[in-house]
Amino acid sequence: MAVLAESGSNPDVDLLYDINGLAKDAPHWFDRVMEFVGEYGLLLAMVLLILWCWWSVRRRGGEDAAPSVAALVWAPLAAGLAVLVNVPIRGFVERPRPFVDHQGLDVLVSGKTDFSFVSDHATITMALGVGLFVAHRRFGLAGIGLALLEGFCRVYMGVHYPTDVVGGFALGTAVVLLLSPPATALLTPLMRAVERSPRAGRLVRRRPPSAAGRDALLPGARPAPESEERDLAA
């Protein structure tokens, strides 16, 4: 099981050459941009997207703020867990990088000596994207789009087969969705406790200017209803 694709007649290898062949025809500066984007840029963009989503959730507040923040906390935790799950998978499959077994590839990143299946970058970005989708659909769709672009970049750079990327997408998605119910059950009460904190509560929901007056209401008084619904995935 050391090599999943050994010849150019394999569709996986054919697609690898087709996508990586674009790098040979592209200007040198564009390859350098793709190298940075595929190695670091999209991961950074995903982190910024999560922070943007958190800021939006915090600003809008509402009763669903704590569950939304809990889902956002779960996204990076799930990504880290998926990478840990990938460690034994890589050791079991032992698939060499595509440039080891196939000549003529334009490899944009050097120093890759570990195994190829599955792609850590694809696993991380898709886990973050799906985790975002659980918290907020619109941000999640953008995150999944970034993950798909990450997968394309990894093949373009010549460091992964297409099936390495697909496997990473599947692994990241499975970890997020399968473990989301117990993770949410643990994290949501924690975020609600943080929300009730006078200081740390701002991490979950922004305190309105009238919060002080609202806190001074008599016990049992009902606060004003929220005017805007949250956009949560079912």
Side-chain angles (χ1 to χ4, degrees), residues 37-58 60 62-93 114-155 160-195 203-204 230-234:
V37 169
E39 195 74 6
Y40 309 107
L42 288 171
L43 291 175
L44 177 60
M46 191 70 76
V47 172
L48 294 176
L49 187 63
I50 290 176
L51 291 175
W52 185 9
C53 183
W54 164 76
W55 184 263
S56 176
V57 167
R58 173 186 173 275
R60 294 174 64 178
E63 292 298 323
D64 294 320
S68 296
V69 174
L72 289 175
V73 172
W74 168 236
L77 293 178
L81 181 59
V83 171
L84 291 178
V85 173
N86 189 29
V87 172
I89 294 177
R90 281 194 171 194
F92 175 72
V93 177
D114 55 342
F115 293 122
S116 184
F117 186 89
V118 298
S119 167
D120 278 338
H121 281 72
T123 300
I124 293 172
T125 52
M126 186 56 75
L128 293 175
V130 174
L132 264 175
F133 187 82
V134 172
H136 194 290
R137 286 181 179 174
R138 284 179 295 174
F139 281 97
L141 290 175
I144 292 173
L146 290 178
L148 295 174
L149 180 58
E150 177 68 58
F152 175 84
C153 288
R154 302 307 290 178
V155 180
H160 280 294
Y161 293 96
T163 48
D164 297 338
V165 169
V166 173
F169 290 163
L171 177 59
T173 301
V175 170
V176 171
L177 296 183
L178 292 178
L179 298 182
S180 181
T184 301
L186 292 173
L187 290 172
T188 299
L190 177 60
M191 292 302 106
R192 291 197 186 279
V194 172
E195 184 180 16
L203 295 174
V204 177
R230 299 284 303 116
D231 180 15
L232 292 175

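Predicted model, so just to flag it, every value in this text is computed and none were measured.
For Phe152, the side chain to side chain contact (heavy atoms under 4.5 Å, CB included) test picks out Ile19, Leu22, Met34, Tyr156, with sequence neighbours left out. Listed by chain and residue number, nothing satisfies the side chain to side chain contact (heavy atoms under 4.5 Å, CB included) test with Val166 (two or more places apart in sequence, or in another chain). Applying the side chain to side chain donor-acceptor pair (under 3.5 Å) criterion to Arg192, with sequence neighbours excluded, gives no partner residue. For Trp52, the side chain to side chain contact (heavy atoms under 4.5 Å, CB included) test picks out Leu49, Phe139, with sequence neighbours left out. Not counting sequence neighbours, the partners of Val175 by the side chain to side chain contact (heavy atoms under 4.5 Å, CB included) test are Ala78, Leu81, Ala82, Leu171, Leu179.
A side chain to side chain contact (heavy atoms under 4.5 Å, CB included) with Val73 is found for exactly one of Ile50, Leu190, Leu187, namely Leu187.
Met46 CE to Leu43 CG: the interatomic distance, rounded to the nearest 0.5 Å, is 8.0 Å. Interatomic distance, Leu146 CG to Leu48 CG, rounded to the nearest 0.5 Å: 10.0 Å.
By the 4.5 Å heavy-atom criterion applied to side chains, Cys53 and Val57 are counted as neighbours. Side-chain contact check for Val134 versus Leu177: some heavy-atom pair is nearer than 4.5 Å. Residues Phe169 and Leu148 meet the side-chain proximity criterion, which asks for heavy atoms closer than 4.5 Å.
Sorted pairs that involve residues 165-183 and meet side-chain hydrogen bond (donor to acceptor under 3.5 Å, both in side chains), not counting sequence neighbours, are lacking altogether. Sorted by first and then second residue, the pairs that involve residues 72-93 and meet side-chain hydrogen bond (donor to acceptor under 3.5 Å, both in side chains), not counting sequence neighbours, are Asn86-Asp120, Arg90-Asp114.
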Run the side-chain donor-acceptor check on residues 125-133: report pairs under 3.5 Å with partners two or more places apart or on a different chain.
residue : atom : partner : partner atom : Å
Thr125  : OG1  : His121  : O            : 2.8
Thr125  : OG1  : Ala122  : O            : 3.3

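The shortest non-hydrogen separation linking Val118 to Asp164 is CB-O, 3.7 Å. Shortest non-hydrogen contact noted between Ser119 and Arg154 is OG-CG, 4.2 Å. The heavy-atom pair separating Phe117 from Thr163 by the smallest distance is CE1-O, 3.5 Å.
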Report task. Carefully, step by step, assess Glu150 and Glu39 under the rule side-chain contact (heavy atoms from CB on, under 4.5 Å). Result -> CA-CA 9 Å; Glu150 177 68 58; Glu39 195 74 6; over 6 Å; no
